[in-house]
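Read the numbers this way: they start at 1 and go in the same order the structure lists the ligands and their atoms. For reference, positions follow the sequence shown, starting with 1.
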Amino acid sequence: MTRKEALDSIKANIENQNMIKHMLATEAVMRALARRFGEDEEEWGLTGLLHDIDVELTEGDMSTHSKLGADLARELGASEAMVHAILCHNPTHGIPLETKLDKALFCADPLTGLITAAALVRPDKKLAGVEARSVKKRFKEKSFAAGANREQIAQCTAIGLELDQFLDLGLEAMKGIAPSLGL
Ligand SMILES: [Fe+2]
């Protein structure tokens, strides 16, 4: 599967542009994590890109979300490692996180929401001016972007990153694709 094929399939299945941006942001964070760990950047990036591909097809039904996505990813030619990471990123299924790829996607997913919110509260609504220390401060404000699950983000320690390192990496990764995110 090429990145273009993955993106074309996402665009065919998702109308909400903010959701597509969330998936692009997750891709960027996953690529940065793969580079940090010497893992397969394409595999990790495409896992992030595809992880919510079924979000509109499943219409908010968490009992099917990510199961359908895993099937769609497999049909597109994703490896079984990618399929498993997509499947278990929805904790509703109770499928244990096993691999480093599983764990990376699990903590990268909510981080994108926190960083996006940190940009959107700025007057210019741009990522460029967001500093690492402000993301760290926002992380501790539980009511800020409450949907960005802090415990899940903090699971970055399971892949060997301290929280501050992970927040830095995520912020830099998203800044790197800021125009695509409209931020
Ligand atoms: Fe997601």
Nearest N/O/S atom of Asp109 with respect to the Fe ion (ligand 1), by atom name, please.
OD1
Would Met62 end up clustered with Leu87 when hydrophobic side chains under 4.5 Å apart are linked, directly or stepwise?
no
Taking both backbone and side-chain atoms into account, decide whether His89 has an N/O/S atom under 2.8 Å from the Fe ion (ligand 1).
no
Start with the C-alpha gap between Met82 and Glu43, add the side-chain angles, then the distance that decides, and say whether side-chain contact (heavy atoms from CB on, under 4.5 Å) holds.
CA-CA 7 Å; Met82 295 168 68; Glu43 180 176 56; 3.5 Å; yes
No-hydrogen, no-angle side-chain donor-acceptor test under 3.5 Å, Thr99 and His84:
no
Find, among atoms of Asp52 that are N, O or S, the one nearest to the Fe ion (ligand 1), and state its name.
OD2
Any chance the side chains of Asp52 and His89 put a donor and an acceptor closer than 3.5 Å?
yes
